[in-house]
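We name chains A, B, ... by the order of the sequence lines, and we start the count at 1 in each one.
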Amino acid sequence: MSVLVIAELDSHGIKAATRSAICAASQLGEDVHLLVTGNDVAGIALEATKIAGVSKVLHADALAYAHGLAENLAPLLVQLAVNYSALVAAATSFGKNVLPRAAALLDVAMVSEVIQIINATTFVRPMYAGNINATVVAPAGLRILTIRPTVFEAVAATGGAAALETLTATAESGQTTWLSRDLVQLDRPELATARVVISGGRSLGSAEGFKSTLTPLADVLGAAIGATRAAVDAGMAPNDSQVGQTGTVVAPELYMAFGVSGAAQHVGGIKDSKVIVAVNIDADAPIFQVADYGLVADLFTVIPELEAALKAE
Amino acid sequence: MKILVSIKRVVDYQIRPRPAQDGLDVELTNVKMSINPFDENAVEGAVRLKEAGVASEVVVVAVGTAANQDVLRHALAMGADRAILIETPAVVQPLTAAKYLQAIVQREAPDLVLTGKQAIDDDAAETAQMLAGLLNWPQAMFASSIQLADGRATVVREIDGGQETLSLQLPAVISVDLRLNEPRFIKLPALMMAKKKPIETLPAADFSVSAPVLTVLQIAEPPARKPGKILNNVAELVAALRAEKVLP
Ligand SMILES: Cc1cc2nc3c(=O)[nH]c(=O)nc-3n(C[C@H](O)[C@@H](O)[C@H](O)COP(=O)(O)OP(=O)(O)OC[C@H]3O[C@@H](n4cnc5c(N)ncnc54)[C@H](O)[C@@H]3O)c2cc1C
Ligand SMILES: Cc1cc2nc3c(=O)[nH]c(=O)nc-3n(C[C@H](O)[C@H](O)[C@H](O)COP(=O)(O)OP(=O)(O)OC[C@H]3O[C@@H](n4cnc5c(N)ncnc54)[C@H](O)[C@@H]3O)c2cc1C
């Protein structure tokens, strides 16, 4: 049998998180197939045949698949599952929406947000905002997994030569109508995949302060900008910039936290970063417990100095 | 319109969990337990719909041990009308919880089920989607706004990089994000009133629910990061980051 990875698409094609899911799926020790669904996505399916490590691409096209609605995709997954030993997707808002619905229809106890694959049935997943890791064994038979994309390296987008098979689409549920999507326009790297992330907390004071303080430094570093929930709730930063247990989980090469206290829910989303830097006026702030390098200092002094030092080089 | 809200009793979010001695669960003895924060948002959302005259009854349900009485009382004090406890000997996993909730939905016939988007203990974020699948109802996950009119729900949901708006035919299952609302502070009179509201306890054995489960091999703290260094100034920081080769 083989393993089926469920692809997630955006306007640029297949998301990098899906290529991370392919990396994870290949650790299950079987052939990896990729399911590409959408409306008018034959070009993307063809492009997907080049992804490294995939032996077959399944392409299902229908208007009903255009927006990734779980009600329309779950029946397709149920139909395909008989041929597979595992269904795998990235633990993104798409994967988390679709896979549990399919798992219930298939009566499978799924494993969410896998961070390590020990063998084909044994997995490690975080709980309690990353304070605890659980090692769990899934029952034999069909396994359904979402994997945390930041811990599995995305396979190459090219170099493969998969077969391409076109499927007949399943029926539309008719229960749900997709109305609109409002994506924040990014003029800088995406938070989840950026190599450098700088984050600010509520101490930045205002939306204007948040932007004018962090943006110039982010420009110098080519960094994505993150925020704590407190900063988001205070209207200083957009919702989708929230980093943490209930926001985006990041694992950049460099994470710099400015005026962030280091609550467990925030730290749970940054722990896998390679190097963490914290700048906080309070020497006892919990963020210093996870930071590799700390400065007990005022962020409003440190940021301009840092910017100047980096520009000078 | 009747709304059913599922609630889970979890370790309070301010408590740092530790693995128990046997390494098969977290330490729960003498640990403060609370209503799952997202479920509090779900209860608040349902109660506001009742206060606005859109909903007529709010029923809360928990699946778990007898200890769940406290979180059910909390929900009643927030304004839910009545509570149901499906009493199980232990905490249940998402697919099992979804099957019990399915049985309650079949009994209560609500027009809408609200749940939290994830429980902050296991962080699975599965139960609502599973329930929707079992019922063959539409679903909207991670909702930050819900409007009900003409037998449909218009839901704004939080997705990676932004938001999306869906229109669902009722009945439906919606899981809610913290951004849906700010749960009310419970005042003493409300707490007293809640004591008079009914909690119906149904033994799990009354339901013929069976579901596959994950076996826990080990519960452990993740490997600690190596201890960090407090530096004296920006120049030292830049030098350290250069040495780590993480600057562009
Ligand atoms: C801020 C925050 C942080 C969290 N962090 C973590 C975390 O760090 N680790 C973590 O493991 N989990 C976290 N959760 C949730 C959870 O951890 C799960 O592990 C679990 O096993 C699977 O069950 P669940 O409760 O997660 O189900 P989920 O599918 O996550 O539950 C979703 C919803 O289903 C309903 N539900 C689930 N079980 C029951 C039940 N027995 N009775 C009634 N209703 C139920 C509740 O409405 C719940 O909100 C977090 C939640 C929040 C709000
Ligand atoms: C269910 C649940 C889920 C949650 N999920 C998340 C999540 O996903 N992500 C998240 O971030 N939070 C989350 N939270 C919130 C979290 O618990 C904290 O409240 C939040 O992270 C605190 O944000 P903060 O660090 O900006 O604010 P504070 O905790 O108020 O800290 C401000 C810090 O700034 C420092 N400071 C002040 N002025 C300066 C200055 N001039 N220079 C330098 N330092 C300064 C202070 O010393 C302090 O340490 C969640 C909470 C709950 C209950």
Side-chain angles (χ1 to χ4, degrees), chain A residues 70-71 74 92-93 96-97 100-101 103-105 107-113 122 126-139 175-184 192 196 221-222 239-240 246 253-254 264 274-275 277 288 290-296 302 305-306 309-310, chain B residues 11 13 16-17 19 26 93-95 98 120-126 129-134 137-139 141-142 154 158-169 178-179 211-222 225 228-231 234-235 237-238 240-241 244 246-248:
Chain A
E71 294 86 329
T92 57
S93 53
K96 288 191 209 172
N97 187 38
R101 187 172 177 113
L105 296 172
D107 202 30
V108 171
M110 72 174 293
V111 192
S112 286
E113 200 99 35
T122 310
M127 304 197 317
Y128 290 93
N131 279 310
I132 297 286
N133 281 349
T135 307
V136 297
V137 181
Q175 299 172 318
T176 305
T177 315
W178 180 91
L179 296 179
S180 63
R181 186 169 293 176
D182 183 11
L183 294 180
V184 177
V196 180
L221 288 166
N239 287 357
D240 60 286
T246 52
E253 297 270 293
L254 174 59
K274 183 169 169 231
V275 173
V277 172
F288 288 122
V290 293
D292 299 285
Y293 300 104
L295 283 178
V296 182
V302 169
E305 274 183 46
L306 187 57
L310 292 170
Chain B
V11 173
Y13 82 97
R16 167 143 194 206
V26 297
Q93 292 183 6
L95 185 58
I120 61 159
D121 47 6
D122 296 344
D123 283 332
E126 297 168 12
Q129 301 87 312
M130 289 180 161
L131 175 62
L134 293 172
W137 284 9
Q139 71 183 51
M141 297 299 121
F142 325 141
T154 305
E158 303 279 317
I159 58 170
D160 301 330
Q163 296 174 330
E164 162 175 286
T165 308
L166 303 176
S167 166
L168 316 183
Q169 179 189 308
L178 296 169
R179 273 182 254 289
V213 292
L214 303 177
T215 309
V216 176
L217 283 191
Q218 191 192 39
I219 294 287
E221 285 181 337
R225 291 182 69 92
K229 268 197 209 118
I230 297 289
L231 306 175
V234 167
L237 177 60
V238 173
L241 297 181
E244 295 269 8
V246 290
L247 286 179

Engineer: Check whether A:V277 gets within reach of chain B through its side chain, its backbone, both or neither, counting any heavy atom under 4.5 Å.
Structural biologist: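 The answer is the side chain of A:V277.
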Engineer: Heavy-atom pairs under 4.5 Å with chain B - which of A:V108, A:D292, A:V296, A:V290 has more of them than the others?
Structural biologist: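 Option with the top pair count is A:D292.
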Engineer: Flag the one option from A:R181, A:E71, A:R101 with the top tally of heavy-atom pairs under 4.5 Å to chain B.
Structural biologist: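 The option with the most such pairs is A:R101.
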Engineer: Under 4.5 Å, counting heavy-atom pairs only, tell me which of A:D107, A:L306, A:V275, A:L254 racks up the most with chain B.
Structural biologist: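 If we count pairs closer than 4.5 Å to chain B, A:D107 comes out on top.
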Engineer: Using heavy-atom distances under 4.5 Å, tell me whether B:V213 contacts chain A through its side chain, its backbone, both, or neither.
Structural biologist: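 The backbone, not the side chain.
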Engineer: Do side-chain atoms of B:Q129 reach the backbone of B:M141 as a donor and acceptor pair under 3.5 angstrom?
Structural biologist: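 Flag not set: sc B:Q129 to bb B:M141 has no pair under 3.5 Å.
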Engineer: Quick one: of B:P212, B:A132, B:G228, B:A211, who has the most non-hydrogen atom pairs under 4.5 Å with chain A?
Structural biologist: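 Top count of heavy-atom pairs under 4.5 Å with chain A: B:P212.
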Engineer: Between A:A134 and chain B, with a heavy-atom cut-off of 4.5 Å, which part of the residue counts as in contact: side chain, backbone, both or neither?
Structural biologist: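 Looking at A:A134, backbone and side chain both touch chain B.
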Engineer: Is there side-chain contact between A:S112 and A:K96, with at least one heavy-atom pair below 4.5 Å?
Structural biologist: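 They are not in contact (no side-chain heavy atoms under 4.5 Å apart), so the answer is no.
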Engineer: A:D240 side chain to B:G162 main-chain N or O, any donor-acceptor pair under 3.5 Å?
Structural biologist: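 No; judged by distance alone, with no hydrogens or angles, the pair does not exist.
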Engineer: Treating B:D123 as the side-chain partner and A:A129 as the backbone partner, does any N or O pair qualify as donor plus acceptor under 3.5 Å?
Structural biologist: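 Yes, because the side chain of B:D123 sits within donor-acceptor range (under 3.5 Å) of the backbone of A:A129.
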Engineer: Ignoring hydrogens and geometry, is there a side-chain-to-backbone donor-acceptor pair from B:Q139 to A:N97 under 3.5 Å?
Structural biologist: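 Yes: the side chain of B:Q139 pairs with the backbone of A:N97.
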Engineer: What do the steps show when you test A:Y128 against B:D121 for side chain to side chain contact (heavy atoms under 4.5 Å, CB included), and what is the final call?
Structural biologist: CA-CA 5 Å; A:Y128 290 93; B:D121 47 6; 3.3 Å; yes
Engineer: Chain B heavy atoms under 4.5 Å from A:N133: which part of the residue, side chain, backbone, both or neither?
Structural biologist: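 The answer is both parts of A:N133.
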Engineer: In terms of heavy-atom proximity below 4.5 Å to chain A, should B:L217 be classed as side chain, backbone, both, or neither?
Structural biologist: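 Both parts, heavy atoms under 4.5 Å.
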Engineer: Can you tell which part of B:L131 gets under 4.5 Å to a heavy atom of chain A, answering side chain, backbone, both or neither?
Structural biologist: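 Contact with chain A: none, neither part.
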Engineer: Pick from A:A192, A:G294, A:A291: which one has the most heavy-atom pairs with chain B under 4.5 Å?
Structural biologist: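 Looking at each option in turn, the highest pair count goes to A:G294.
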Engineer: If you count heavy-atom pairs under 4.5 Å between each of B:L95, B:T215, B:V216 and chain A, which one has the most?
Structural biologist: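 Of B:L95, B:T215, B:V216, B:T215 has the most heavy-atom pairs under 4.5 Å with chain A.
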Engineer: Which atoms of A:V302 are under 4.5 Å from chain B, going by heavy atoms: the side chain, the backbone, both sets, or neither?
Structural biologist: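 Answer is both: backbone and side chain atoms of A:V302 are under 4.5 Å from chain B.
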Engineer: Using a 4.5 angstrom heavy-atom cutoff, name the option from A:A309, A:S180, A:P139 with the most pairs to chain B.
Structural biologist: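 Heavy-atom pairs under 4.5 Å are most numerous for A:S180.
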Engineer: Using non-hydrogen atoms and a 4.5 Å limit, figure out which bit of B:L237 sits close to chain A: side chain, backbone, both or neither.
Structural biologist: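 For B:L237, side-chain heavy atoms alone lie under 4.5 Å from chain A.
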Engineer: Select, from A:L105, A:V137, A:T176, the one with the greatest count of heavy-atom pairs under 4.5 Å involving chain B.
Structural biologist: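 Ranked by heavy-atom pairs under 4.5 Å with chain B, first place is A:V137.
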Engineer: Taking atom NZ of A:K274 as the centre, does the number of heavy atoms from other residues, nucleotides or ligands within less than 6.0 Å exceed 12?
Structural biologist: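 Atom NZ in A:K274 is packed in, count exceeds 12.
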Engineer: Under 3.5 Å, is there a donor on one side chain and an acceptor on the other for B:Q93 and B:D122?
Structural biologist: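 No, no side-chain donor-acceptor pair sits under 3.5 Å.
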Engineer: Tell me, out of B:P138, B:P17, B:A220, B:G133, who's got the most heavy-atom pairs with chain A below 4.5 Å.
Structural biologist: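 The residue among B:P138, B:P17, B:A220, B:G133 with the greatest pair count is B:P138.
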Engineer: Apply side chain to side chain contact (heavy atoms under 4.5 Å, CB included) to the pair A:M127 and B:I219, showing each step before the final yes or no.
Structural biologist: CA-CA 9 Å; A:M127 304 197 317; B:I219 294 287; 3.9 Å; yes
Engineer: Would you check, one step at a time, whether the test side chain to side chain contact (heavy atoms under 4.5 Å, CB included) holds for B:T165 with B:T154?
Structural biologist: CA-CA 7 Å; B:T165 308; B:T154 305; 3.8 Å; yes
Engineer: Which bit of A:A264 is near chain B, if near means a heavy-atom gap under 4.5 Å: side chain, backbone, both or neither?
Structural biologist: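 Neither; nothing under 4.5 Å.
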Engineer: Identify which of B:E164, B:E244, B:E221 forms the greatest number of heavy-atom pairs closer than 4.5 Å to chain A.
Structural biologist: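 Highest number of heavy-atom pairs under 4.5 Å: B:E164.
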Engineer: Looking at B:L247 and A:L310, what are the two nearest heavy atoms and their distance?
Structural biologist: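 Closest approach of B:L247 to A:L310: CD1-CD2, 3.7 Å.
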Engineer: Side chain, backbone, both or neither: which part of B:A98 has a heavy atom under 4.5 Å from chain A?
Structural biologist: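 Nothing of B:A98, per the 4.5 Å heavy-atom cut-off to chain A.
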Engineer: Nearest heavy-atom pair of B:E158 and A:N239: which atoms, and what distance?
Structural biologist: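 What the structure gives for the nearest pair is OE2-ND2, 3.3 Å.
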